[in-house]
Amino acid sequence: VSGPGRGDFAAFAERLEAAGGQPRGPFAAGELGSRVAELCREWNGGARVLASEAALGWIGAGPWQPVPRESDPHALADVSVAILCGSLGVAENGAVGLDGREARPRALPILCERLILLLDTSRIVRDMNAALAGLPDGALAHHHFTFVAGPSKTADIEGMLVLGAHGPRALAVFGRHG
């Protein structure tokens, strides 16, 4: 598989944007929380925002609640924004690898209206071959590992592009460095 010669945030952001996603950053660790909070306010309008335990470690307190440990997927129907940490990014296609250990409950990144993924820019690889070779230890020992590239979309319905048909209708990836 050939791809960009670099695995940096600029190359990743270009491909993510082409897929309909919104690249943000990269930001220093200290400003990440306030930048994510800005987008949550813009996207949310007062509805429910959930952040994973790992995401809370990156962004601290804000207009979000922790993801409930044991959650019935039906209880996630009102989630406006979900905030999760990606394991790695792929510059070739703008995809973010989402480890099954992070995406709990499994339905959360599918049922939310909008998805924010946080990504350490040092974990951006050049292409899918490098991504598969660089999966975090134990990533495949869990139920699933998903690559997310852009918001959910389909053009199956009378040739009209529909966002959010099978998952979130918007995706933003916040790069973090340092």
Side-chain angles (χ1 to χ4, degrees), residues 9 12-13 15-90 93-121 123-124 142-154 161-177:
F9 191 77
F12 169 83
R15 299 308 309 150
L16 174 65
E17 198 164 39
Q22 300 176 27
R24 306 282 176 119
F27 301 108
E31 75 177 304
L32 191 62
S34 64
R35 298 298 186 130
V36 171
E38 286 173 15
L39 183 59
C40 283
R41 282 190 292 276
E42 178 185 322
W43 270 359
N44 185 25
R48 191 167 169 211
V49 178
L50 296 180
S52 71
E53 191 173 314
L56 290 171
W58 285 28
I59 58 177
W64 38 76
Q65 307 165 340
V67 174
R69 288 201 182 267
E70 297 299 323
S71 190
D72 175 4
H74 295 95
L76 303 172
D78 66 341
V79 175
S80 177
V81 180
I83 306 167
L84 305 171
C85 289
S87 296
L88 52 83
V90 185
N93 57 13
V96 176
L98 192 55
D99 192 315
R101 296 170 285 193
E102 175 64 5
R104 289 184 187 215
R106 184 175 156 188
L108 179 60
I110 304 300
L111 293 178
C112 63
E113 279 289 310
R114 295 171 177 90
L115 179 61
I116 294 175
L117 297 176
L118 310 178
L119 180 62
D120 182 337
T121 58
R123 297 283 302 148
I124 297 174
H142 295 273
H143 189 63
H144 64 287
F145 191 95
T146 305
F147 286 96
V148 179
S152 168
K153 53 192 162 295
T154 185
L161 181 62
V162 177
L163 296 177
H166 308 293
R169 61 186 172 110
L171 168 72
V173 177
F174 282 78
R176 177 187 85 164
H177 63 81

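Predicted model only: the values in this text are computed from it and were never measured.
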List the atom of L50, the atom of P68, and the distance in Å for their closest heavy-atom pair.
-> CD1-CD, 4.1 Å
Enclosure of E53 CD (heavy-atom neighbours >12, cutoff 6.0 Å) | no
Contact check, side chains of V81 and W64, non-hydrogen atoms, under 4.5 Å = no
Measure the SG-CD1 distance between C85 and I59 for me, rounded to the nearest 0.5 Å.
-> 8.0 Å
Which distance, rounded to the nearest 0.5 Å, do you find between the CZ of F174 and the CG of L117?
-> 10.5 Å
For the residue pair P66 and L56, what are the closest heavy atoms and their distance?
-> CB-CD1, 3.7 Å
CG on L32 to CZ on R24, rounded to 0.5 Å | 12.0 Å
Any chance you could lay out the side-chain contact (heavy atoms from CB on, under 4.5 Å) test for V36 and L118, step after step, and finish with the verdict?
-> CA-CA 9 Å; V36 171; L118 310 178; 3.9 Å; yes
Note, I83 side chain near C40 side chain (heavy atom, < 4.5 Å) | yes
Could you pull out the closest heavy-atom pair between D99 and F145, with the gap in Å?
-> CA-CD1, 3.6 Å
Taking every non-hydrogen atom, the tightest pair across P73 and L111 | O-CD1, 3.4 Å
Which value, rounded to the nearest 0.5 Å, describes the distance between I116 atom CD1 and R35 atom CZ?
-> 13.5 Å
At their closest point, which heavy atom of T121 faces which heavy atom of G175, and how far apart are they?
-> CG2-CA, 3.9 Å
Are P105 and V67 side-chain neighbours, meaning at least one heavy-atom pair lies under 4.5 Å?
-> yes
Atom pair CZ (R176) and CZ (F27), whose distance is rounded to the nearest 0.5 Å | 13.5 Å
Flag the pair Q22 / E17 as yes when at least one side-chain heavy-atom distance between them is below 4.5 Å, and no otherwise.
-> no
S87 (side chain) donor-acceptor with L98 (main chain) under 3.5 angstrom = no
Rounded to the nearest 0.5 Å, the CG atom of L16 sits from the CG atom of N93 at a distance of 9.5 Å
If you take all heavy atoms of P109 and L84, which pair is closest and at what distance?
-> CB-CD1, 4.0 Å
